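To start, the structure itself, in structure tokens.
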Amino acid sequence: MLDFPRWKVWGILLVLLAGVLVAIPSLMPESTAKGLGLGGMPRINLGLDLSGGSHLKLEADTADLAKQNLAKMEDTIRTEMRRGDTKIGIGDISTANGRISFFVRDIAQLDAAVERARQQTAAVGVTGQRDWNVAVVDSTRIVMTPTQAGLDAAVDSAMNTATEVVRKRIDELGTREPTIVREGKDRILVQVPGLADPAGLKALLGKTAKLEFKLVDLSADPASVAAGRAPPGSQIVPYPGNPGGTPTIAVQRRVIISGDDLIDAQVGNDQNQQPIVSIKFNAEGGRKFARVTQENTGKPFAMILDGSVLSAPNINEPILGGNAQISGSFTVDSANQLAIALRSGKLPVALKVIEERTVGAQLGADSIHAGVVASIIASVAVIVFMLVTYGRFGVYANLAVVLNIFVILAVMALLNATLTLPGIAGFVLTIGTAVDANVLINERIREERRRGRNVIQSVELGYKEASRTIFEANTVHAISGLIMLALGSGPVKGFAVVLLIGIATSVFTAVLFTRMLVALWIRRARPTEITI
């Protein structure tokens with residue numbers, strides 16, 4: 001236990017030196033670190049409660065999602081009944097009362113229509129329940145009703161996707177370590193450290209980014225459009241920037257191409273140096289866009305974002321390159337927000353802000369100051385206690401505590417971890433418990449000396465016998481930390497991260513490092529008595 005070859009000594013010292021050097025940038029302001037040429041080194045990120053930032057809670061519009069699912073099923077039924085060699089004639093499809101209803105013109109095809117409708121439903125979970133119920137009413141009418149299990153599954157899937165889309169959008173802002181977690185069935189918690197003004201964040205996250213290209217219905221009567229009536233197969237959509245002056249426009253319901261076919265969106269400028277968004281389609285989207293623009297040259301088409309027309313230019317010539325431009329009354333910021341939203345994908349469900357909070361930087365500074373003061377007090381108290389109680393062995397334990405602080409900071413910086421206010425609490429707790437191993441070892445050495453063993457035997461057995469207890473105690477400690485890390489979120493997770501890192505580093509410094517110091521002292525001084 002006390003055999004330390006030279007390579008082992010140098011290995012331990014190099015690890016500790018590296019820890020000190022990596023930790024230094026996190027102990028100074030970022031501007032100072034950059035001035036010293038340390039700007040590229042890893043640093044600890046500060047959480048929302050320490051650096052200030054924005055806190056938003058978003059809630060999904062589940063009623064809107066139900067309408068979307070209804071519209072998708074309507075389009076699917078309309079398409080599937082016409083597909084294949086055996087086409088099934090059906091009447092107009094009604095979506096009243098949140099269900100789909102249509103009649104079959106030929107009663108001989110009723111069973112085939114029911115079977116084809118059921119094929120469009122899907123099983124939910126392991127219960128065998130379907131997401132839609134299909135029933136026959138009045139002999140020739142088929143009614144499809146969404147089940148509660150199907151609606152719940154649709155909400156869960158949409159919220160998982162929405163969480164990832166929100167994460168991508170915030171990552172595009174260049175922020176570090178945002179907290180983005182689902183809360184309950186239909187809510188998302190968003191915390192972005194360092195972003196003091198949530199207005200731009202709300203605008204970005206509130207944008208569904210559902211982009212559609214549709215042909216303008218030139219047959220629509222302007223008076224009917226103004227009155228909100230569209231021809232069959234068309235719809236009325238808002239057009240705030242309409243050069244014609246009317247706030248609405250009639251477009252065909254059929255989507256020429258959608259944002260699902262986008263692979264990139266970037267901010268640019270047109271010939272008048274006005275901000276635009278240049279978009280690029282994938283191969284399939286490029287082919288569809290080329291075909292539609294070839295077939296409709298000279299006709300206007302509308303670019304619709306989240307149900308509102310951005311612009312409706314004429315197709316002057318076929319667009320064959322798979323690229324297009326979105327123009328409108330953009331500022332540089334709004335164009336950038338749109339580009340980010342399109343790149344990250346559309347939200348499958350509309351999100352609205354139900355809670356908004358801004359944490360000021362001053363509050364974060366106060367929290368850091370309080371945490372630093374608490375850490376200093378804890379460190380001084382531990383150092384004084386160990387010196388008074390264990391003498392030379394207390395000095396070794398104190399060196400281990402100081403180095404443990406640096407190593408914890410270094411590991412957190414290398415892991416790009418975020419330090420929160422509960423994390424500081426975990427840090428202070430780690431300082432207090434970092435000497436637990438040394439207390440166990442020193443007391444065991446005392447016990448062996450009382451039994452009459454010599455110095456070397458006492459130290460050897462003290463470290464050997466205490467190691468088992470130290471390992472078991474830290475294992476239980478680590479299990480608790482892992483459970484908090486796995487099941488917790490936000491502040492709880494921040495506490496668990498610091499706690500787990502502290503457990504690992506304290507074992508290294510308090511056991512291995514102090515054992516090395518004791519071994520080197522005994523080898524050099526060869527004491528016949530120790531004061532402990």
Side-chain angles (χ1 to χ4, degrees), residues 1-2 12 16 19-20 23 27 368-412 421-451 455 458-478 480-481 495 498-522 525 527 529-532:
M1 291 292 288
L2 296 178
I12 294 172
L16 295 175
V20 172
L27 297 174
I368 294 173
H369 176 72
V372 169
V373 170
S375 301
I376 292 173
I377 293 174
S379 300
V380 170
V382 168
I383 288 171
V384 171
F385 175 82
M386 295 301 291
L387 280 175
V388 171
T389 308
Y390 297 114
R392 173 183 291 274
F393 285 75
V395 173
Y396 295 156
N398 289 336
L399 283 174
V401 169
V402 173
L403 288 172
N404 185 49
I405 294 172
F406 283 98
V407 175
I408 291 175
L409 295 175
V411 173
M412 291 184 68
L421 192 57
I424 291 180
F427 198 86
V428 175
L429 178 63
T430 301
I431 293 172
T433 58
V435 295
D436 279 356
N438 293 115
V439 171
L440 291 172
I441 292 167
N442 294 342
E443 291 299 327
R444 185 66 193 224
I445 293 173
R446 274 180 171 175
E447 186 177 333
E448 296 300 330
R449 287 293 292 154
R450 292 192 193 103
R451 291 176 178 176
V455 171
S458 297
V459 173
E460 181 100 19
L461 286 172
Y463 274 96
K464 183 178 179 180
E465 297 300 325
S467 294
R468 187 183 301 110
T469 304
I470 293 167
F471 175 77
E472 292 173 354
N474 281 286
T475 299
V476 175
H477 210 180
S480 302
F495 178 84
V498 177
L499 186 65
L500 288 171
I501 294 174
I503 291 171
T505 59
S506 64
V507 170
F508 177 78
T509 57
V511 178
L512 192 60
F513 175 66
T514 60
R515 184 157 58 89
M516 182 194 75
L517 294 179
V518 172
L520 293 176
W521 170 65
I522 290 177
E529 186 57 64
I530 55 176
T531 303
I532 186 172

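The figures here come from the full heavy-atom set of this structure, side chains too, leaving out hydrogens, waters and symmetry mates. Note that the coordinates shown come from a computational prediction; the quantities given were computed from them, not determined experimentally.
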Q. Between CG of Leu512 and CD1 of Ile12, what distance do you get to the nearest 0.5 Å?
A. 3.5 Å
**Q.** Heavy atoms of other groups near Tyr396 OH, more than 12 under 6.0 Å
**A.** yes
Q | Spacing of CG belonging to Leu387 relative to CG belonging to Asn398, to within rounding of 0.5 Å | A | 4.5 Å
Q.
How close do Thr514 and Val511 get, counting heavy atoms only, and between which atoms?
A. OG1-O, 3.4 Å
Q: Kindly give the heavy-atom pair with the smallest separation between Ala437 and Ile470, and that separation in Å.
A: CB-CD1, 3.6 Å
Q: Please say which of Thr389, Val382, Ile383 ends up in a side-chain contact (heavy atoms from CB on, under 4.5 Å) with Met386.
A: Val382
Q: Work out which heavy atom in Ala466 is nearest to a heavy atom in Ile441; give both atom names and the distance.
A: CB-CG1, 3.8 Å
(Q) For the CG atom of Asn442 and the OH atom of Tyr463, what is their distance to the nearest 0.5 Å? (A) 6.5 Å
Q.
Between Tyr390 and Asn438, is there a side-chain heavy-atom distance shorter than 4.5 Å?
A. no
Q) Nearest heavy-atom pair of Val455 and Arg449: which atoms, and what distance? A) N-NH1, 3.7 Å
Q: Working to the nearest 0.5 Å, report the span between CD of Glu472 and NE2 of His477.
A: 15.5 Å
Q | Verdict with reasoning, Arg444 to Glu448, per salt bridge (charged side-chain N to carboxylate O under 4.0 Å, His left out) | A | CA-CA 6 Å; Arg444 185 66 193 224; Glu448 296 300 330; 3.2 Å; yes
**Q.** Nearest heavy-atom neighbours spanning Ala23 and Ala410
**A.** CB-N, 3.9 Å
Q: Output the distance between atom OG1 (Thr509) and atom CD1 (Ile405), rounded to the nearest 0.5 Å.
A: 10.0 Å
(Q) For the CG atom of Leu16 and the CZ atom of Phe406, what is their distance to the nearest 0.5 Å? (A) 11.5 Å
Q: Check whether the side chains of Thr505 and Asn404 place a donor and an acceptor atom closer than 3.5 Å, and report yes or no.
A: yes
Q. Salt bridge (charged side-chain N to carboxylate O under 4.0 Å, His left out) between Arg446 and Glu443: does it pass, once the steps are laid out?
A. CA-CA 5 Å; Arg446 274 180 171 175; Glu443 291 299 327; 3.1 Å; yes
Q. Step by step, would you call Phe508 with Val407 a side-chain contact (heavy atoms from CB on, under 4.5 Å)?
A. CA-CA 10 Å; Phe508 177 78; Val407 175; 5.6 Å; no
**Q.** Nearest heavy atoms of Ile445 and Ser458, plus distance in Å
**A.** CG1-O, 3.7 Å
